[in-house]
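Below: the structure, in structure tokens.
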Amino acid sequence: MKRTYKGLAAWGLAAAMAVLSGCNGPEITESTVGQETEKIDLLVQNNSSGRSEEGLKAGDIISGFTVKSLSDSQMLQAELIGFTHEKSGAELIWVKNSDPELAFSISYYTPYIDETDINHVFEHAIIASSEKYPSKDLAFDLAGKSYSTFVNAFTYNTFTSYPVSSESEEQLIKLMDAYLSCMVAPDILKNENIFKREALRYELDSPEGQIQMIGTVFFGRFWLSNQYAGRSSQQSGGCFVPGSICFQCSGTFSQKLSESHL
């Protein structure tokens with residue numbers, strides 16, 4: 001199977017899970033649950049042998065992670081091994097297949113609480129710099145100064161994800177170390193200007209000029225809000241599921257964020 005198809009399949013599965021977990025959609029009946037369960041069973045099946053190719057079995061402990069499940073994914077042509085980190089409770093899924101591209105992603109449950117898009121701002125600010133890897137913008141440094149095939153971060157309705165990938169295992173480990181250092185000790189904890197840069201700030205280029213509202217996330221969302229497709233997508237959540245998490249991050253983002261700083 002080509003790498004491109006695997007990547008699209010993985011992103012499609014993740015997007016479907018995000019949508020299902022983020023919105024209070026139409027009424028779900030026993031019949032619809034059964035239909036969806038049958039579809040999922042075709043894609044992910046339990047490993048009947050009870051052991052992975054490496055000989056792992058449920059209950060095994062590796063570096064503080066306990067093996068909880070073993071299954072196979074037809075869609076990804078992969079073996080899926082689920083772990084739980086005993087100390088923190090974090091869940092880990094190892095997708096093992098023949099794809100030469102190696103990837104890692106860490107995700108957090110971050111449901112929206114209002115329309116200021118603070119989760120998106122923190123997504124940017126957290127990977128800007130860390131105590132171990134001080135930088136003006138670490139994410140851009142990683143993308144431009146490493147043998148990476150993908151470096152990015154995404155904020156969805158209910159979770160935030162930080163994925164990186166490379167065809168070099170050594171490079172992937174370095175990328176992982178940099179991103180995880182931001183999760184442990186991000187420089188935003190001691191430099192609030194990082195947050196202001198990504199969220200919203202006032203700038204004056206000259207004494208005679210006008211004060212401008214500037215911000216990375218602010219301008220990105222402002223641009224999206226002024227595009228027909230983007231605006232339609234933002235408003236649809238509030239129309240179909242009013243009062244849900246989808247509605248909290250749709251519509252009047254730019255206005256709400258600017259009002260909160262006036």
Side-chain angles (χ1 to χ4, degrees), residues 1 3 6-22 36-37 39-111 119 123 126-127 130 132 142 148-186:
M1 182 181 292
R3 183 190 318 163
K6 290 183 180 179
L8 290 174
W11 278 109
L13 181 61
M17 293 173 64
V19 171
L20 290 173
S21 63
E36 294 305 315
T37 300
K39 294 177 183 178
I40 293 174
D41 286 342
L42 291 175
L43 299 176
V44 180
Q45 301 176 346
N46 290 332
N47 187 328
S48 58
S49 68
R51 286 182 178 272
S52 69
E53 292 182 1
E54 286 71 25
L56 295 174
K57 63 182 186 301
D60 285 351
I61 300 176
I62 303 175
S63 300
F65 287 87
T66 301
V67 177
K68 293 295 185 179
S69 64
L70 298 100
S71 57
D72 298 307
S73 169
Q74 294 182 13
M75 182 171 66
L76 298 177
Q77 291 191 352
E79 182 179 12
L80 308 180
I81 305 175
F83 299 82
T84 297
H85 188 236
E86 296 303 319
K87 187 174 182 179
S88 66
E91 296 182 349
L92 169 68
I93 298 179
W94 178 16
V95 181
K96 183 180 182 298
N97 58 24
S98 59
D99 195 327
E101 188 164 19
L102 309 174
F104 167 83
S105 180
I106 182 169
S107 301
Y108 296 91
Y109 177 59
T110 55
N119 297 350
E123 172 221 304
I126 286 175
I127 56 175
S130 71
K132 185 175 182 179
L142 294 176
S148 62
T149 54
F150 192 79
V151 174
N152 213 325
F154 302 95
T155 298
Y156 297 95
N157 291 349
T158 56
F159 68 96
T160 302
S161 185
Y162 300 88
V164 292
S165 66
S166 174
E167 291 193 3
S168 164
E169 182 175 352
E170 180 182 0
Q171 286 289 299
L172 179 67
I173 292 174
K174 290 182 178 179
L175 293 169
M176 291 169 57
D177 187 52
Y179 258 27
L180 290 174
S181 74
C182 294
M183 307 299 120
V184 175

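Count residues from 1 along the sequence.
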Exercise: identify the closest heavy-atom pair between [X] and [Y]:
| X | Y | result |
| --- | --- | --- |
| I61 | G64 | CG2-N, 4.1 Å |
| V67 | L70 | CG1-CD1, 4.1 Å |
| S73 | L80 | CB-CD1, 3.9 Å |
| P163 | A153 | CD-CA, 3.9 Å |

How long is the span from the [atom1] atom in [X] to the [atom2] atom in [Y], to the nearest 0.5 Å?
| X | Y | atom1 | atom2 | value |
| --- | --- | --- | --- | --- |
| N152 | L142 | CG | CG | 11.5 Å |
| E86 | T66 | CD | OG1 | 3.5 Å |
| K96 | L76 | NZ | CG | 14.0 Å |
| L180 | S130 | CG | OG | 10.5 Å |
| N119 | T110 | CG | OG1 | 4.5 Å |

Fill in: Any residue meeting ring pair (Phe, Tyr, Trp, His ring centres under 6.0 Å) with F65, in chain and number order, not counting sequence neighbours
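H85.
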Beyond-backbone contact of [X] with [Y], side-chain heavy atoms, under 4.5 angstrom:
| X | Y | value |
| --- | --- | --- |
| K68 | I81 | no |
| I126 | Y108 | no |
| L175 | F104 | no |

Worksheet item: Can you tell me if E123 and T160 form a side-chain donor-acceptor pair at under 3.5 Å?
Response: no
Worksheet item: Is there a donor in the side chain of T149 and an acceptor in the side chain of S165, or the other way round, less than 3.5 Å apart?
Response: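 Yes - a donor-acceptor pair under 3.5 Å links their side chains.
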Item to complete: Please test I127 against M183 for side-chain contact (heavy atoms from CB on, under 4.5 Å), starting from the C-alpha separation and ending with a verdict.
Response: CA-CA 8 Å; I127 56 175; M183 307 299 120; 4.0 Å; yes
Fill in: Carboxylate-amine/guanidinium proximity below 4.0 Å for D177 and K174
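The answer is no: the pair does not qualify as a salt bridge.
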Worksheet item: In terms of heavy-atom contacts, does CG of L92 have more than 12 from other residues, nucleotides or ligands at under 6.0 Å?
Response: yes
